[in-house]
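Right, one structure below, let's go through it.
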Amino acid sequence: MGRKVLLMIADGLGDWPYELLDNQTPLQYATTPHLDRIATNGMTGLMDLYQAGIPVGTDLGHLTLFGYLYENYPGRGPVEAAGKGIQLFEGDVAFRCNFGTIDEDRVVINRRAGRIRQGAKELAEALNDIEVEGVKVIFKEATEHRAVLVLRGTSLSDQITDTDPKKEGIAAKKARPIDDSFESKRTADILNKVREKFEEILKDHPINQKRVEEGLLPANTILTRGSGKLTNMPKITERLNFTACCIASEKTVLGAATLAGFDIRTDLSFTGNIDTNIEKKAAYAVEALKSYDFVALHYKAADLMGHDGNIEGKVQAINRYDELAGYVLKGIEQEINDEVIIGLAADHSTPCARYEHSGDPVPVVISGKVIRKDKVTQYNEIACGEGSLNRISGPAFTTSLLDYLEKTIKRGS
């Protein structure tokens, strides 16, 4: 009998306690019988993706869960480009972008243009394949308000600052060089000119005119962050000789998985939000377990609710995540003959009160027949703190999972 690993990742799951929830976290307050069942049959703990108290992005969080160290991190842009299937060449500079909304004074009203979904593709097509001072501009929509920008030309650098102010109510930033090199100064200048051209195009685009007529926020600017260049990251699947698949909708996650050497499975009904098709997502995961050694199953909605400060919405998102776990467990029991080790994790915490990622640890589980079971019977930030995994690092959690596939490298003779 073979052994497989299923890693379920709830994006932004960790949170803080709230009076609204009887001083419990959303995960404590939610109804989670299937997640609790997984925890009861395994060992639990709390995980720091990078270091205690240091927030990480979705990109680094997932690269860590897929087996990489911070030293391997290529920047957000190249991860996003990989998620959209954009091949980067030597000298390209890639950025993660948001469609955003600014007023006449360029003050950011909404960093996500109301989480625009419909029309984002048409807006992206209007911005794609233009040229500024001999530099080609590649622009592609990603999930909802997200997008990817690639600058392709000579004498470019990724050593420039973000234009996303990370907060609303303040002006969008101009790109600035981080160092004194000609390349950094040139790239910052070109990016600023590209964004000016983008705003001219977006201002009168029919999609935005329609959005304004309907009382929706126009997507009238592009906010950039996470500049990066092509990197020679070794694929962990090739280095450790195992097969892997990632089921997700969010392009950042798919990009991280692609760089790691995972095959990817997605579907238009996987929205990245609370309305995602959890039954189909579970079916994809169960089917992948028949062919792959390691399957990562991603769920995004909890993170979105944290960013929106929606406490009740986050509880609802977690309830849906538990339903997803229930479908997965049923499918494994009915269709999978191999032994399956289930890991539960998150890529970071996104407290609703903070509207952003925090450095709080996330609850984790490793569950299965061969796992040493501790006394924890619930899956949440408090209960898992009493588990036998203790306070574990992200890389240690992943190597622990891979060891059950007998894929980690023995040290010593």
Side-chain angles (χ1 to χ4, degrees), residues 6-42 44-47 49 58 61-62 65 115 143-144 247-250 253 270-282 285 296-330 342-358 360-367 376-387:
L6 172 67
L7 173 59
M8 295 185 61
I9 305 168
D11 207 303
L13 181 66
D15 213 306
W16 299 342
Y18 301 102
E19 289 185 11
L20 179 66
L21 306 181
D22 298 329
N23 293 313
Q24 298 179 87
T25 70
L27 182 55
Q28 282 182 290
Y29 190 84
T31 303
T32 57
H34 302 106
L35 297 171
D36 292 346
R37 175 185 162 192
I38 294 170
T40 300
N41 290 321
T44 63
L46 295 175
M47 175 176 65
L49 273 298
T58 297
H62 281 84
L65 289 171
R115 292 199 181 279
T143 308
E144 293 191 327
I247 294 105
S249 63
E250 218 269 352
V253 178
F270 301 165
T271 65
N273 212 318
I274 201 164
D275 62 349
T276 194
N277 188 338
I278 58 173
E279 292 186 60
K280 194 168 190 177
K281 189 168 271 193
L297 175 60
H298 178 258
Y299 178 82
K300 182 67 176 177
D303 182 58
L304 301 188
M305 297 303 166
H307 281 294
D308 288 347
N310 188 343
I311 298 171
E312 293 172 317
K314 190 160 186 178
V315 172
Q316 184 183 0
I318 293 169
N319 287 340
R320 288 274 289 168
Y321 180 55
D322 186 78
E323 291 179 39
L324 171 64
Y327 287 126
V328 169
L329 289 172
K330 183 178 180 180
I342 299 178
L344 297 179
D347 59 336
H348 52 73
S349 293
T350 309
C352 294
R354 185 159 168 166
Y355 294 85
E356 187 51 274
H357 303 182
S358 74
D360 295 283
V362 299
V364 291
V365 175
I366 299 177
S367 180
V376 174
T377 59
Q378 294 178 306
Y379 180 59
N380 61 60
E381 302 94 333
I382 308 305
C384 289
E386 300 179 3

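- Shown here for Tyr18 and Ala353, the closest heavy-atom pair between the two residues is OH-N, 3.0 Å.
- Of the possible polar contacts, one joining the Tyr299 side chain to the Ala317 backbone as a donor-acceptor pair under 3.5 Å is found.
- Between Ile38 atom CD1 and Leu6 atom CG the span is 8.0 Å, to the nearest 0.5 Å.
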Checklist entry - Passes side chain to side chain contact (heavy atoms under 4.5 Å, CB included), Thr276 versus Lys300? Steps please. => result CA-CA 9 Å; Thr276 194; Lys300 182 67 176 177; over 6 Å; no
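- When all heavy atoms of Leu13 and Ala346 are compared, the pair lying nearest together is CB-CB, 3.7 Å.
- The shortest side-chain heavy-atom distance between Trp16 and Arg354 falls under the 4.5 Å cut-off.
- Rounding to the nearest 0.5 angstrom, the gap separating the CD atom in Glu250 from the CD atom in Glu144 is 9.0 Å.
- No side-chain heavy atom of Asp322 sits less than 4.5 Å from a side-chain heavy atom of Thr31.
- Side-chain contact check for Asp11 and His348: at least one donor-acceptor pair (N or O, by modelled atom type) lies under 3.5 Å.
- At a threshold of 4.5 Å between non-hydrogen side-chain atoms, the residues Ile318 and Leu27 count as touching.
- The only option from Ile9, Thr350, Asp347 that meets the side-chain contact (heavy atoms from CB on, under 4.5 Å) definition with Thr58 turns out to be Asp347.
- By the ring-ring contact (aromatic ring centres under 6.0 Å, His included) test, His34 pairs with no residue at all, sequence neighbours left out.
- The side chain to side chain contact (heavy atoms under 4.5 Å, CB included) search around Gln24 returns Asp22, Gln28, Tyr29, not counting sequence neighbours.
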Next on the checklist: side chain to side chain contact (heavy atoms under 4.5 Å, CB included), that's the test. Do Leu324 and Leu297 meet it? Break it down for me.
Outcome noted: CA-CA 10 Å; Leu324 171 64; Leu297 175 60; 4.2 Å; yes
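- For the pair Pro26/Leu21, a side-chain contact is recorded, criterion being any heavy-atom separation below 4.5 Å from C-beta on.
- Between Lys314 and Cys352, the shortest heavy-atom contact is CD-SG, 3.8 Å.
- Counting heavy atoms from C-beta on, the side chains of Met305 and Asp15 never come closer than 4.5 Å.
- To the nearest 0.5 Å, atoms CG (Asn41) and CD1 (Ile366) are separated by 14.0 Å.
- For Leu304 against Gly272, the heavy-atom pair with the smallest separation is CD1-O, 3.2 Å.
- A donor-acceptor pair is defined here as one N or O able to donate and one able to accept, closer than 3.5 Å; no such pair exists between the side chain of Ser349 and the backbone of Pro351.
- By the 4.5 Å heavy-atom criterion applied to side chains, Leu35 and Val365 are not counted as neighbours.
- Although no hydrogens or angles enter the test, the distance criterion places no donor-acceptor pair under 3.5 Å between the side chain of Thr44 and the main chain of Ala39.
- Applying the side-chain hydrogen bond (donor to acceptor under 3.5 Å, both in side chains) rule to pairs touching residues 376-386 yields Thr25-Glu381, sequence neighbours excluded.
- Taking the six-membered ring where the residue is Trp, His357 and His307 present tilted rings, their angle falling between 30° and 60°.
- For Leu46 against Pro361, the heavy-atom pair with the smallest separation is CB-CB, 4.0 Å.
- The distance from the CZ atom of Phe270 to the CG atom of Asp275 is 12.5 Å, given to the nearest 0.5 Å.
- Scanning both residues, Thr143 and Ser249, for their nearest heavy atoms gives OG1-O, 3.2 Å.
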